[in-house]
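The structure follows.
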Amino acid sequence: MNARDIFKEGIWTNNSVFSQMLALCPAMAVTTTGTNGLGMGLASMAVLVCANVLVAMIRNFVSPQVRIPIFIVLIATLVTLVDLALNAWLHDLYKVLGLFIALIVVNCAILGRAESFASKSPVFYAALDGIAMGMGLTLALTVIGLVRELFGSGTLFAQASLLLGPSFAFLETTVIANFNGALLMVLPPGGFLVLGLLLAGKRVLDAKLERRRPASADFSNAEAA
Amino acid sequence: MSTLIDTWRAKLAYQGISLGIVAMFASAALVVGNQLTHDAILKAEADDLASSLAQVLPAGGNDNDMLADTVKVGAGGTAVAPPVTVYRARKAGAVTGVVFQRAERGYTTDIVVLMGVDTEGRLLGVRVIKHAETPGLGDKIEIAKAKWILDFNGKSLAEPAAAKWAVKKDGGVFDQFAGATITPRAVVKAVKGGLEFFAAHREEILQ
């Protein structure tokens, strides 16, 4: 286990949306624009890192029989604290994301990492894994959001300045002006369509990379199976 | 040491107690979090309200602290029809307009609108301050997404006539959205209800 592998896993080979197929609820519900996807990804990353660290800290004291309720209590507490903190100190951001923050509790990617990685790893690596998985999730949600936003309303990163501050207003681009958009893309079916196409795209890309790799490296490449 | 913990961890009492301890720490963290953020949240919400009030009134229309100059209308109301808090805008002591909230059931949950009305019952401005309508369809009632809500400016119960206080699909004067009729219909209904409320309690509000 080293840092490089953790990041490679989290962002690409074991991406929580594109490979593990977890966190599909926020991946569909929130990603109507790139900004929403990015904000949800960042908030989830914060919870993921804290949850991983806490779970790794108490991993030796938790009985296997009660680990799930304990992890869930920890995650729910963290999400509530994030919710309160955003409401108090980043009120404008909270108005954009508010409805979705509570959904982070039921994001199975977070319980999944607590269970499969943090509960078996030292604190430092658990934190790294939280960052890496969070980056992967943020990437996935942002990309899905951007595609849906482009086809749905013809813009990219609309209202990004609400999320990141006025200095990021340059991100807001209108690709197609006065475009009424394909409503389907903004509605839930659009989420399924875009996710399906992106998944297929990633498979194709992975297969191409695989063929280019020298034959001698094949045996070490277990995760392609 | 670790073997000692291993034997303990298998015991039923240890599991119950450890779950209890975690829950206790979680509750403590929530209490502290709530305490730390309580005032800041109240302040943020008051700021929000103040800036919303300013949005539905013409700029420079008042010189008083509207959050302090309120009147509860329909006092002694029931749980079904609780009293409405009306914020009054004054210039040099005279009321120039009032602001109050009105809610109407939308497509998902209640849509809450904040409306500014002048002393003659004409709309100074309307803003939707809370809703959970479908993104991309119903959320055009937000000023951030579309200019639709500005159509209400200057309207009153007399202009347009009562029968025209509806979306175009229902024979009225207000646009509906492609794919969303229930949402604008609810907003129109809420605003009309608000104007009727103002007309019914005008004396009480402006006294």
### Task
Please name the pair of heavy atoms, one in Val66(A) and one in Ser18(B), separated by the smallest distance, quoted to 0.1 Å.
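Minimum heavy-atom contact is CG2-OG, 4.1 Å.
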### Query
Looking at OG1 of Thr37(B) and CG of Asn87(A), how far apart are the two atoms once the value is rounded to the nearest 0.5 Å?
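Answer rounded to 0.5 Å: 7.5 Å.
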### Task
Please indicate whether Arg90(B) has more than 12 foreign heavy atoms, meaning atoms of other residues, nucleotides or ligands, lying under 6.0 Å from its CZ.
yes
### Message
More than 12 heavy atoms of other residues, nucleotides or ligands under 6.0 Å from NZ of Lys202(A): yes or no?
### Response
yes
### Message
Check this for me: Arg203(A), atom CZ, are more than 12 non-hydrogen atoms of other residues, nucleotides or ligands nearer than 6.0 Å?
### Response
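Not buried by this count: 12 neighbours or fewer within 6.0 Å.
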### Query
So how far is it from Arg67(A) CZ to Gln15(B) CD, rounded to the nearest 0.5 Å?
11.0 Å
### Message
Working to the nearest 0.5 angstrom, can you tell me the gap between Leu36(B) CG and Leu81(A) CG?
### Response
9.5 Å
### Task
For Ala88(A) and Ala40(B), work out which heavy atoms get closest and say how close.
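Minimum heavy-atom separation between Ala88(A) and Ala40(B): CB-CB, 3.6 Å.
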### Message
Does Trp8(B), at its CH2 atom, have more than 12 non-hydrogen atoms belonging to other residues, nucleotides or ligands within less than 6.0 Å?
### Response
no
### Message
Counting heavy-atom pairs under 4.5 Å with chain B, which one of Thr33(A), Ile58(A), Ile70(A), Val73(A) comes out on top?
### Response
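Greatest number of close heavy-atom pairs with chain B: Ile70(A).
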### Task
Can you measure from CG (Leu30(B)) to CG (Leu84(A)) and round to the nearest 0.5 angstrom?
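Result: 7.5 Å between the selected atoms.
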#### Entry: Euclidean distance, Leu54(A) CG relative to Phe25(B) CZ, rounded to 0.5 Å
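That separation rounds to 11.5 Å.
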### Task
With rounding to the nearest 0.5 Å, note down the distance linking NZ in Lys43(B) to CH2 in Trp89(A).
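That separation rounds to 13.0 Å.
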### Query
So which of Leu78(A), Thr80(A), Asn60(A) has the largest heavy-atom pair count under 4.5 angstrom toward chain B?
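Of the candidates given, the most pairs with chain B belong to Asn60(A).
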### Query
Would you say the side-chain atoms of Tyr14(B) pair up with the backbone N or O of Val62(A), donor to acceptor, closer than 3.5 Å?
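Pair absent, no side-chain N/O of Tyr14(B) close to backbone of Val62(A).
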### Test item: Arg9(B) side-chain N/O and Gln65(A) main-chain N/O as donor-acceptor pair under 3.5 Å
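Flag not set: sc Arg9(B) to bb Gln65(A) has no pair under 3.5 Å.
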### Message
Please classify the contact between Asp48(B) and chain A as side chain, backbone, both or neither, with a heavy-atom cut-off of under 4.5 Å.
### Response
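Side chain of Asp48(B) only, per the 4.5 Å heavy-atom cut-off to chain A.
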